[in-house]
Amino acid sequence: MSKKTMKLILISVLTFLLLIGLGGASENSNPDAKAEDISIVPKGKPTGDSVDLLFLTIISGYGLQPKDQYTFMGQPVDLSVKINMNAFDLAGSIVYPFYDRQWYSSTNPTSSDNWQKVSGGTNRKLTVNPTSVGTVYYQDSYIKKGLLLGKSFYSDVASVTTYPDPVEATGVTVTVAQDYLYNNQKDPAVTVAYAKPEPFNSTAKLSWSVDNTELAAIDPDTGEITANNSGKSGTVQAIATLTNSNGDQVTGSAPVKIGGGLDDQTVNEGQKATFKVQGNWTTVNSVTWHRVIDGKDSEVSGADGLSHTTPETTYDNNDDKYYAVLKVPTQDASGNDTVTTVTTNKANLTVIADTNPKITGTSNIYNNTYNDHNTEDTMINGVIAGDNLTVRGSFTDTNKNSIMKSGAIQVNLPDNLKTNPDPNESDLTGVKVDGQPTNDYYIGAGPAGDYQFVYLFNIDFSKYKTHTYEFSFDVEDNGNSKFVTTPTLYGQKEDESDIDGNFPANDLTINFSDNQLTAQANDIDYGKLKFSNVGKPVTGTINGDETSDILNVSDNRRLKKQSKILLEQPNGFTSDTGNKLDAELRYYTPDGNYQIIGNSEVVLSDTPEGSTVNSIENNSTTGLKLFIHESLIKNEDYSSTLNWTIQSAP
């Protein structure tokens, strides 16, 4: 076997593999053909359709097959073909090319010997002028030879059926082999339109046109559509017109999109955009996506499919551009596998700005008189009458496209601010916006009169997006209450109309204090005692509970001096009849030690300076317990009075 023969076998194998990868003949080729009752034996075995990947021919074959035709006596019809060759087949006949095209016809195609050459049928278009009623079959043959390699092609068999009288068309349906054609490649992209008349055997004369010749041209006889390759984009309609024998016409159309491979995308800010490579890309080796920002080109990491979805967009992504580079497997002139690079157009991303304000707010509160606050300066404690407080904060609109052009800040305050005795002076001091004193504020009352509010207005957000504010005020006595306020921003548009909603910052909490140390003593009930209780400490109950406090203490003092709690029992337990109970009252500590409570004050707790005085507990191990001595006991109700004293250091 010669080296040349081995090379031809290898090429044959490669072509077979490509056929497996890319699929068979197009389903759209010659869709109007009708099966006949006879078994047709063609002149030559049909080559089949070419396998085309957009504007590239991967496997040679017929790009346009002859279609079955129906006519009537006196009306000629045309049969047209077109052969598409890949690079290898084209190169094989470059040197000393020779070609032979011939149409064949048969009225009884039951054998390959029953075909005759059509006189003058040597062009890709064959005009048939029927001379009798009936059906004649036609097949195109094309042999192309050269010094290196030749190629033979045979079309599908098409029939021309002639009726004695016209069959008028009532409608037509149009389809296209490809509904997307590229406009930015070296060679213009081509596809074919097909017409399916109603009825299928209509003898009406078919012609083709398009509604926009700047986008594409169409062969009026064959329906071949050729896109522009100058970058003009849009959708063109391929229009089929069937003209009946009486001059009446019926039309139908199908759209073909013309573009550079990618469509521009428009999304709202915050949404994702998806770019998809258009066209029928059956086999692609690789896809690389590029993003162009302000003229700077960069590859998109991880984007390797025929579509790419961006992350959630911001307005900064407006006018970003995307394009894709595809590597497509083909064959070169020597029959070797190679790759063709296809680059799409640069598609533009339009991001519609979100004009809603995006507000962030912070607020803090300080007691200028007494320093007791949390780490975040959002809560102050122990606030008493006469204290001077300061509220500070800021609001920022992070959306540069915001419709908010001006704003006002409202801060609610306790209803009993300390009133300035001078009617010409405000109850507030140090009112500032952006660090500068301002008079653009007022103090109003809440609708129920349970709070007041400070309202700062005329704050310009059209130029500057961040604004600070502050003010100070004195407070009156609010007991031991808590007041929570949330500084809030209200906005207006360019036309001074209000923006829906409001924009609160964080809460601020004022914990007021009456600055007092108070206590409430509770009665102790030791119940009905038995002789078995004698000689043992008995735990009493407070309102039926053994674990309630004997003395409830509330220590709201801001300056907590050293304090002692003392207890005495001036008189013992006596009944209403004057009888005395031989018993003593003991105060037990958790360690089991106790003190006897008598007519001299006993110190129950000694709280150091700076600490809170706690309540006096009563439970099974701690508190006041009754101890009855062994003696004669009369069955009566006994009671006693206790004197409590809270003593603070001077």
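Values below: every heavy atom of this structure, side chains too, minus hydrogens, waters and symmetry copies.
Around atom NZ of Lys205, more than 12 heavy atoms belonging to other residues, nucleotides or ligands sit under 6.0 Å away. Atom CG of Asp495 has more than 12 heavy atoms from other residues, nucleotides or ligands within 6.0 Å. When the shell of 6.0 Å around CG of Asp219 is examined, it contains more than 12 heavy atoms from other residues, nucleotides or ligands. Annotation for Asp500: atom CG does not count as buried by contact number, only 12 or fewer foreign heavy atoms lying within 6.0 Å.
Proximity of a side-chain donor or acceptor of Gln278 to a complementary backbone N or O of Gly259 within less than 3.5 Å is not detected. Of the possible donor and acceptor atoms, none in the side chain of Thr162 sits under 3.5 Å from a partner among the backbone N and O of Thr71. A donor-acceptor pair under 3.5 Å links the side-chain atoms of Gln65 to the main chain of Asp156, judged by distance alone.
When every heavy atom of Lys67 is checked against every heavy atom of Leu79, the shortest pair comes out as O-CD2, 3.3 Å.
The NZ atom of Lys45 lies 12.5 Å from the CD atom of Gln139; values are rounded to the nearest 0.5 Å.
In this structure, Thr350 and Asn318 have side chains that are in contact, with non-hydrogen atoms separated by less than 4.5 Å.
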Derivation and outcome, side-chain hydrogen bond (donor to acceptor under 3.5 Å, both in side chains), residues Ser307 and Thr274: CA-CA 7 Å; Ser307 66; Thr274 297; over 6 Å; no
Given Phe275 and Tyr322, is the ring-ring contact (aromatic ring centres under 6.0 Å, His included) satisfied, shown in steps? CA-CA 8 Å; Phe275 293 89; Tyr322 289 84; 4.9 Å; yes
side-chain hydrogen bond (donor to acceptor under 3.5 Å, both in side chains), that's the test. Do Tyr163 and Asn201 meet it? Break it down for me. CA-CA 10 Å; Tyr163 297 120; Asn201 61 343; 3.1 Å; yes
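No close placement of the Phe72 and Tyr70 rings is indicated, their centers lying 6.0 Å or farther apart.
Remark: Lys346 qualifies as a cation-pi partner of Tyr323 under the 6.0 Å distance and 45° angle criteria applied to the six-membered ring.
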